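Heads up: the structure comes next, in C-alpha cells.
Heavy-atom basis, side chains included; hydrogens, waters and symmetry copies ignored. All values derive from a computational prediction rather than experimental measurement. In each ligand, atom 1 is the first atom listed, and ligand 1 is the first ligand listed.
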Amino acid sequence: MSMSLIRAPYLDPSADALLAGTASPRKALFLDRDGVININHGYVHTPANTDWVPGIFELVADAQARGHACIVVTNQAGIGRGMYDEAAFLAYTAWMHAQFAARGTPLLATYWCPHHPEEGLGDYRVACECRKPRPGMLLDAAARFDVDMRASWMIGDKATDLEAAAAAGVEQRHLLQDDAGIADLNRLFAAMAGR
Ligand SMILES: [Mg+2]
Ligand SMILES: [Zn+2]
C-alpha cells in the first residue's frame with residue numbers, strides 16, 4: 001500500500017464561511033481550469049497570461065445562487081515537467097481565487113495534480129490516482145467537503161474531465177465544445193437544473 005499522492009487542495013480564505021453557509025451534504029460545481037476558467041494558452045501560470053473564458057464569472061455566480069460550492073479540479077503536469085514549481089502554482093492559484101472573490105463569487109477550493117506518468121521529472125513521474133481521467137481529486141473533495149455527488153455538476157473541455165466525474169459519481173456533466181466560452185448560460189443550466 002502506498003501513501004496517497006493527492007495534494008491537499010488550495011483553500012480559499014473564505015472557505016470556512018462558504019462551508020458554514022451551505023447545508024451538508026452539499027452540492028458542488030466541479031470546474032476544470034484551463035479551457036473552462038481561463039483560456040487555454042498552454043501551461044498558464046501567470047496573471048499576465050490569463051484571459052478569462054467568457055461567461056465564467058456569471059456561471060459561478062449562478063451556480064452559487066443555486067446552492068453549489070464551486071471546486072476547481074485541474075491537471076497541472078507543467079509542475080511535473082519542470083515548467084513552474086508548486087510554490088509558483090499556489091501563488092497563481094491564490095491570485096485566481098482573489099479575482100473571483102473580488103467579484104463576489106469566491107471559489108471554495110482548487111485541487112491540482114502535478115504528476116505525469118511519462119513526462120514527469122523525478123518523483124513527479126508516476127501513475128497517480130489524481131490525474132484526470134482518474135477520479136482521485138473529486139473523491140477527495142467528496143469526502144473532505146461532504147459533497148452529494150449525485151446532486152453535483154462537472155464542466156470540462158475534455159472527455160477526460162467528464163470521465164473523471166463519471167467515475168466519481170457526478171451525474172450532471174457538461175462538455176464545453178468550442179472557444180466561444182459559456183455563451184449560452186440559460187441553455188446550460190436548463191440542461192443541468194432540476195437537481
Ligand atoms: Mg481543460
Ligand atoms: Zn496526480
Identity of the N, O or S atom of D32 lying closest to the Mg ion (ligand 1): OD2
Expected output: side-chain R131 to main-chain A127 donor-acceptor under 3.5 Å: no
Under 3.5 Å: donor-acceptor pair, side chain of H116, backbone of E118: yes
Trace of the side chain to side chain contact (heavy atoms under 4.5 Å, CB included) decision for D32 with V73: CA-CA 5 Å; D32 175 45; V73 286; 5.6 Å; no
N/O/S atom name from H115 that is nearest to the position of the Zn ion (ligand 2): ND1
Metal-centred angle, the Zn ion (ligand 2) as apex - SG of C113, SG of C128, 10° resolution: 110°
D157 atom OD1 and D34 atom O as seen from the Mg ion (ligand 1), angle to 10 degrees: 100°
E129 backbone acceptor or donor facing R134 side chain under 3.5 Å: no
